[in-house]
Each structure stands twice: as C-alpha cells, then as structure tokens.
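Below: one structure, written as structure tokens.
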Amino acid sequence: SQEQADKFYAILASHIFPGASLKDASAANHTDIVQPLALQLNADVTTSLLQKNRGWRFQLPNIFPLRQLVNLDTRKTPLRIGPPSHMRQKLTITVPGGHKITHTPESINVVHECFEVKRDVKVSKRKISIDFFLSRRCVEVSPESYASFRSSVLEVVSQMQETVDFERGR
C-alpha cells in the first residue's frame with residue numbers, strides 16, 4: 001500500500017540522514033523484475049548539519065555495503081558475498097541562498113578484481129552533485145585473496161568519510 005511505502009521511505013531517509021524529514025519520495029521500476037529499482041528521496045537534512053567556525057558541515061552518508069564484510073583481519077574460509085551486482089547513488093546537495101561552498105569531497109576510483117567503486121563530484125554555484133557507483137563482480141573471496149580485498153574495501157571506507165562545508169558568502 002502507499003501508506004506502507006511512505007513509511008518505508010521515511011525510515012530509509014532517516015537511516016541515511018539521521019533526523020531527516022522526508023519531503024517527497026518515489027520509486028521507479030518497483031514492479032519490474034528486470035530493471036533496477038530506482039528510489040528518489042527528497043529530504044530536509046537540516047538536523048544533520050553541524051555548526052563549525054563560520055559555517056556548517058554536512059557529513060555525507062556512508063552507504064558502502066562491502067564495509068560490513070571486512071571485520072576480520074584474516075580468513076580461513078571463503079567469504080561469500082552473493083551474486084554479482086551493481087548500485088548507483090546520486091546525491092544532490094543545494095546550500096541555502098547567500099552561502100558559498102568551502103569544501104567538497106574528493107572523487108574516488110578504487111578498482112579491485114572483485115569490485116570497482118567510483119565517486120564523481122561536480123560543483124555548480126550552490127549545488128553539489130555526487131554520483132557514487134559500485135560494481136561487484138565476485139561471488140566469493142578466497143582466504144588467499146581476502147587481505148587484498150579487505151585492503152581495497154578499507155581504502156574506500158576511509159575515502160567515504162567526507163563532508164560538504166559551506167558558509168555565508170561575502
């Protein structure tokens with residue numbers, strides 16, 4: 001039902017941006033088993049802003065599913081990560097009028113035999129567009145390949161800890 005869908009979207013927005021208020025949401029291809037599901041969430045994330053010196057800081061969401069798979073330093077058995085898949089996240093941030101952007105995240109490009117991650121960042125006046133793409137190619141990671149896999153995943157995780165900073169323009 002639409003009521004259940006709206007509740008799901010609100011929970012998802014709050015999970016991605018703690019304290020966010022969902023303004024609008026839609027889902028494309030939600031009944032298509034061939035095309036990827038495409039969710040569009042429009043949220044007020046004011047509660048996610050942190051005040052800093054002369055402006056504000058917005059912590060980007062760190063939605064990188066592979067980070068949960070590398071808790072162990074080593075493995076003795078294969079790590080099964082499921083069938084190959086891909087996901088894309090597009091995030092558009094518009095800072096308030098009269099403000100200027102002072103820090104934007106760096107682009108990311110990490111390639112491993114089992115996955116590839118790219119993050120492209122484009123800035124235009126008060127708007128920042130961030131396009132995140134993950135392609136996962138392996139079904140499992142052998143114990144021998146785990147150290148390399150873990151290292152690449154942790155490289156992405158460290159690069160995902162980014163912010164957008166802005167302050168009142170002069």
Side-chain angles (χ1 to χ4, degrees), residues 4-28 30 36-73 81 85-112 114-136 147-170:
Q4 289 174 319
D6 291 342
K7 185 185 267 187
F8 169 76
Y9 299 143
I11 291 169
L12 182 60
S14 182
H15 178 71
I16 297 169
F17 304 106
S21 298
L22 186 67
K23 290 178 159 184
D24 186 36
S26 62
H30 67 281
L37 174 64
L39 298 177
Q40 181 166 340
L41 305 175
N42 182 357
D44 177 350
V45 296
T46 305
T47 57
S48 296
L49 296 176
L50 301 172
Q51 194 163 13
K52 68 170 204 96
N53 300 339
R54 299 177 29 194
W56 300 93
R57 171 166 285 160
F58 177 70
Q59 180 73 42
L60 294 180
N62 190 348
I63 305 173
F64 179 50
L66 299 182
R67 71 185 167 143
Q68 300 160 342
L69 301 177
V70 295
N71 295 328
L72 301 175
D73 288 337
I81 57 177
S85 66
H86 69 274
M87 68 180 253
R88 169 166 268 131
Q89 301 164 11
K90 293 184 179 188
L91 178 63
T92 303
I93 301 166
T94 305
V95 301
H99 288 74
K100 65 179 180 178
I101 298 165
T102 57
H103 175 78
T104 60
E106 297 290 323
S107 293
I108 297 175
N109 188 15
V110 175
V111 179
H112 182 271
C114 279
F115 71 92
E116 179 175 0
V117 170
K118 289 185 181 184
R119 177 174 69 193
D120 294 316
V121 180
K122 294 183 177 127
V123 180
S124 171
K125 295 184 182 178
R126 296 185 307 120
K127 189 177 281 193
I128 303 163
S129 298
I130 301 168
D131 190 5
F132 178 84
F133 179 75
L134 165 64
S135 176
R136 194 167 43 76
S148 166
F149 175 79
R150 183 174 192 265
S151 175
S152 293
V153 167
L154 293 176
E155 179 183 352
V156 173
V157 168
S158 71
Q159 293 181 49
M160 294 285 287
Q161 306 297 321
E162 277 280 12
T163 63
V164 171
D165 297 353
F166 61 96
E167 62 187 40
R168 188 167 295 283
R170 294 186 242 183

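Values in this document were obtained by computation on a predicted structure and should not be read as measured data.
- Applying the salt bridge (Lys or Arg N to Asp or Glu O under 4.0 Å) definition to pairs two or more places apart or across chains, those involving residues 114-123 are Glu116-Lys118, Glu116-Arg137.
- At least one donor-acceptor pair under 3.5 Å links the side chain of Arg126 to the backbone N or O of Val95.
- The side-chain contact (heavy atoms from CB on, under 4.5 Å) test applied to Thr104 returns Ile101, Val121, Val123, Ile128, not counting sequence neighbours.
- Residues meeting the side-chain contact (heavy atoms from CB on, under 4.5 Å) test with Lys23, sequence neighbours left out: Asn42, Asp44.
- Distance CD/Gln51 to CD/Glu167: 12.0 Å, rounded to 0.5 Å.
- Taking CZ of Phe132 as the start and CD1 of Ile108 as the end, the distance is 6.5 Å to the nearest 0.5 Å.
- In this structure, the ring-ring contact (aromatic ring centres under 6.0 Å, His included) partners of Phe58, at least two apart in sequence or on a different chain, are Phe17.
- With sequence neighbours excluded, the residues satisfying side chain to side chain donor-acceptor pair (under 3.5 Å) with His103 are Glu162.
- For Arg88, the side chain to side chain donor-acceptor pair (under 3.5 Å) partners two or more places apart in sequence, or in a different chain, are Asp131.
- With sequence neighbours excluded, no residue satisfies ring-ring contact (aromatic ring centres under 6.0 Å, His included) with Phe64.
- The local environment of CD in Gln161 is crowded, with over 12 non-hydrogen atoms from other residues, nucleotides or ligands closer than 6.0 Å.
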Exercise for the section: Go through Val156 and Phe115 one step at a time and tell me if the side chain to side chain contact (heavy atoms under 4.5 Å, CB included) criterion holds. Expected result: CA-CA 11 Å; Val156 173; Phe115 71 92; 4.1 Å; yes
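- Side-chain atoms of Arg136 come within 3.5 Å of backbone N or O of Ile81 as a donor-acceptor pair.
- Considering only residues two or more places apart in sequence or on other chains, Arg150 meets the side-chain contact (heavy atoms from CB on, under 4.5 Å) condition with Val70, Asp73, Tyr146, Leu154.
- In terms of the side chain to side chain donor-acceptor pair (under 3.5 Å) criterion, Asn109 has no residue partners (sequence neighbours excluded).
- Atoms NZ and OG1, on Lys90 and Thr92 in that order, are 8.5 Å from each other to the nearest 0.5 Å.
- Between atom NE2 of residue His99 and atom CH2 of residue Trp56 there is a gap of 8.0 Å, rounded to the nearest 0.5 Å.
- Lys52 meets the side-chain contact (heavy atoms from CB on, under 4.5 Å) test with Arg57, Asp165; sequence neighbours excluded.
- Applying the side chain to side chain donor-acceptor pair (under 3.5 Å) test to Asn53 and every residue at least two apart in sequence or in another chain returns nothing.
- Nearest heavy atoms, Pro65 versus Leu134: CG-CD2, 3.7 Å.
- Closest heavy-atom contact between His112 and Ser148: NE2-OG, 3.1 Å.
- Considering only heavy atoms from C-beta on, Cys114 stays 4.5 Å or farther from Leu66 through its side chain.
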